[in-house]
Amino acid sequence: MRRGEDARSTLRERQGRKLAALLGAIVPVNRFYAEKLAASDVVPADIRGLDDLERLPFTTKEELQRDQERFPPSGSNLSYPPERFTRLHQTSGTTGQPIRWLDSREDWAAILDCWQVIYDAAGVTPEDRFFFPFSFGPFIGFWAAFDGAVRRGNLSIPGGGLSSAARVRWIVEHGVTILCCTPTYALRLAEVAAEEGIDLASSRVRGLIVAGEPGGSIAAVRGQIETLWGARCFDHWGMTEVGPLGFEPLDRPGGVHLIESHCIAEIVDPATGRRLDGPGRGELVVTTLERRGCPVLRYRTGDIVEAAAEADPEAPFDPLTGEPYLRLEGGVLGRTDQMVLIRGNNVYPGAIDAVVRTFPEVVEYRAEVVQSASGNRLRVALELRADAAGIVGIQQRFARAFQDRFFFRPDVELAPAGTLPRFELKARRFVIRPEGAGPECEKSW
């Protein structure tokens, strides 16, 4: 097998062939892309490889939302007749109107293939037992992760309809070894376990695969999760629109690799849309290659990432082809639509989370940006563990730690125990509102 830059060249050639085949298959049967490419004067037959990729226009979430409003309920980005589709999911609605997404049997099988890569990278064995502690609904969440574990032959336990306390007991009683959830809910379950007198660090759980929000690659967050659970934390990245594409290898923590046999990944300047030459930080853009029923071409994910060196000889690789996968240092670093300017500083929710999680006595928090003519202000409410209520000076210590990171101090207050909301899937702790406005004017994520 070839490794390094030679293998990257092989990968790019293979991606180019897949891209040309994808365009030939979906145009003209896919109305959304037939019209979109025609409006951009793009002839699909002229796209023969990755050198032609930038001739394709970007696809945005707003476009897909407008398309589904125009052609309800699922839009015109459909390459097959309705009877070919077997799965329907929708986005979480964290940033705007939810988008519905359909998958054919073949598309879903390709998604499950990605989960095999994710599980292999985490060292999953036939003896592992999975637990999925969330209510299964239209949000794609860990639906594919569940099916992927079942396809491997692993015992897969759904936790829908159970309280958090009951889920903790099931994890212990059934000898669960692998947990799939959001970073927020991993911390919430640990909080509940402490209230119930259960020591999760002595359970059989050896790995947590976390996704849905930044945290799995944030050192302070993953460190807290690993300490509370006595287990390894694995970050994972995916979206309803592109599928499960990011994984963290057992032997290479602190970053996410992309399964490029199933996608083309680009990193672009968020302001100009120009592709970065070589390693650098920018917005992740994804073209799906194996999901033809509802494909996306050059989809602007809104996620800020930083690419490691392309020719990394130690990068995980496709076992069939020897093609190394691109590594994103630190996973997802933030989102283009969630950056807020406060006192001259660009602040992302994930960066605030990283500061909060260095204080183990904090079990939950809320960050509120108040907008005014004189500039944005930040208020942070901290809720402490029940046994930490008597700690003196934590507000001052937190404010100093925050200042060391961002060069300004927020207003810090303590919230009464149990008053801040808890979250099962994606957390919505970060709130923006105009000064003097009521809750109806808030925007949160």
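Remember, it's a predicted structure, so these values are computed and weren't measured experimentally.
A salt bridge is absent between R252 and E248; no separation between the charged side-chain nitrogens and carboxylate oxygens falls under 4.0 Å. Using a 4.0 Å cut-off between charged nitrogen and carboxylate oxygen, E383 and R366 do not count as a salt-bridge pair. Contact check on R275 versus E266 returns a salt bridge, with a Lys/Arg side-chain nitrogen under 4.0 Å from an Asp/Glu carboxylate oxygen. Salt bridge annotation for E364-R188: absent, with no cationic side-chain nitrogen under 4.0 angstrom from a carboxylate oxygen. The pair D303-R335 counts as a salt bridge, with a side-chain nitrogen and a carboxylate oxygen less than 4.0 angstrom apart. The residues E106 and R84 are annotated as salt-bridged, a charged nitrogen and a carboxylate oxygen being separated by less than 4.0 angstrom. Ion pair D120/R152 flagged as a salt bridge, since at least one NZ, NE, NH1 or NH2 atom sits closer than 4.0 Å to an Asp/Glu carboxylate oxygen. Of the charged side-chain nitrogens involved, none lies within less than 4.0 Å of a carboxylate oxygen, so that K61 and E63 do not count as a salt-bridged pair. Salt-bridge annotation for R292 and D107: absent, with no side-chain N of the basic residue lying under 4.0 Å from a carboxylate O of the acidic one. A salt bridge links E191 with R422: the distance from a Lys NZ or Arg NE/NH1/NH2 to an Asp or Glu carboxylate oxygen falls below 4.0 Å.
A cation-pi contact links R87 to W143, judged by a cut-off of 6.0 Å to the six-membered ring centre and 45° from its axis. A cation-pi arrangement is absent between R400 and F402, since the terminal nitrogen or guanidinium carbon is not both under 6.0 Å from the aromatic centre and inside a 45° cone about the axis.
Here the closest non-hydrogen pair linking V242 and W237 is CG2-CH2, 3.8 Å. The nearest pair of heavy atoms linking A265 to L258 is CB-CD1, 3.6 Å. N30 and P295 make their closest contact through ND2-CD, 3.6 Å (heavy atoms, listed as atom of the first residue, atom of the second, distance). In plain terms, the two heavy atoms of G123 and R206 that are nearest each other are O-NH2, 3.0 Å. When every heavy atom of A415 is checked against every heavy atom of T419, the shortest pair comes out as CB-OG1, 3.7 Å. Contact between A381 and L420 at its shortest, heavy atoms only, is O-CD1, 3.8 Å.
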*Assess whether side chain to side chain contact (heavy atoms under 4.5 Å, CB included) is satisfied between Y119 and R151, documenting all intermediate values.*
CA-CA 12 Å; Y119 289 150; R151 191 171 85 168; over 6 Å; no

*Steps toward side chain to side chain donor-acceptor pair (under 3.5 Å) verdict (T60, Y299)*: CA-CA 6 Å; T60 67; Y299 185 64; over 6 Å; no

*Under the side chain to side chain contact (heavy atoms under 4.5 Å, CB included) rule, what do V285 and T301 come out as? Steps first, then yes or no, please.*
CA-CA 6 Å; V285 174; T301 67; over 6 Å; no

_I99 vs Q90, test: side chain to side chain contact (heavy atoms under 4.5 Å, CB included). Steps then yes/no._
CA-CA 5 Å; I99 300 174; Q90 71 176 27; over 6 Å; no

*Would you check, one step at a time, whether the test side chain to side chain contact (heavy atoms under 4.5 Å, CB included) holds for L200 with V168?*
CA-CA 8 Å; L200 289 178; V168 169; 4.1 Å; yes

_Go through it in stages, so that I can follow the logic: the residues are R222 and D235, the test is salt bridge (charged side-chain N to carboxylate O under 4.0 Å, His left out), and I'd like the CA-CA distance, side-chain angles, deciding distance and then a yes or no._
CA-CA 9 Å; R222 70 181 293 131; D235 200 5; 5.9 Å; no

_Criterion salt bridge (charged side-chain N to carboxylate O under 4.0 Å, His left out) on R300 and E62, from CA distance to verdict_ = CA-CA 10 Å; R300 299 193 66 154; E62 292 72 24; over 6 Å; no

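Between W101 and V296 there is a side-chain heavy-atom pair separated by less than 4.5 Å. When side chains are defined from C-beta on, R281 does not count as touching V305, because their heavy atoms never get closer than 4.5 Å. You'll find the side chain of L78 reaches within 4.5 Å of the side chain of L102, heavy atoms only. Between Q97 and Q68, the closest side-chain pair of non-hydrogen atoms is not below 4.5 Å. By the 4.5 Å heavy-atom criterion applied to side chains, I111 and R291 are counted as neighbours. The shortest side-chain heavy-atom distance between N154 and V124 falls under the 4.5 Å cut-off. The shortest side-chain heavy-atom distance between S217 and V332 does not fall under the 4.5 Å cut-off. Using a 4.5 Å heavy-atom cutoff, the side chains of D113 and H262 are in contact.
Side chains of N77 and D67: no donor on one and acceptor on the other come within 3.5 Å. A side-chain donor-acceptor contact under 3.5 Å links Y365 and D353. Under the 3.5 Å distance criterion, with hydrogens and angles disregarded, a donor-acceptor pair is assigned to the side chains of W108 and D147. Residues E213 and T184 have side chains that bring a donor and an acceptor to within less than 3.5 angstrom of each other.
Although no hydrogens or angles enter the test, the distance criterion places no donor-acceptor pair under 3.5 Å between the side chain of E306 and the main chain of G282. Between the side chain of R167 and the main chain of L162, a donor-acceptor pair closer than 3.5 Å is present. Remark: side-chain polar atoms of E290 are not paired, donor with acceptor, to backbone N or O of A110 under 3.5 angstrom. Without hydrogens or angle criteria, T177 side chain to R129 main chain gives a donor-acceptor distance under 3.5 Å.
Relative orientation of the F146 and F136 rings is perpendicular, given thresholds of 30° and 60° on the angle between their planes. Using cut-offs of 30° and 60° on the angle between ring planes, the pair F130 and F132 is parallel.
How far CD1 of I267 is from CG of L328: 5.5 Å, rounded to the nearest 0.5 Å. Annotation: the span from L297 atom CG to L56 atom CG amounts to 6.0 Å, rounded to 0.5 Å. Here NZ of K18 is found 4.5 Å from CZ of R14. Values are rounded to the nearest 0.5 Å. Distance check, rounded to the nearest 0.5 Å: CG of L50 to OG of S9 gives 10.5 Å. With rounding to the nearest 0.5 angstrom, the CZ atom of R169 is 11.0 Å from the CD1 atom of I171. Rounding to the nearest 0.5 angstrom, the gap separating the CZ atom in R298 from the CG atom in L19 is 10.5 Å.
The environment of D404 atom CG is dense: over 12 non-hydrogen atoms of other residues, nucleotides or ligands sit within 6.0 angstrom. Surrounding CZ of R105 are at most 12 heavy atoms belonging to other residues, nucleotides or ligands under 6.0 Å away.
The aromatic ring centroids of F247 and H257 lie less than 6.0 Å from each other.
The stretch residues 173-192 participates, sequence neighbours left out, in these ring pair (Phe, Tyr, Trp, His ring centres under 6.0 Å) pairs: W170-H174.
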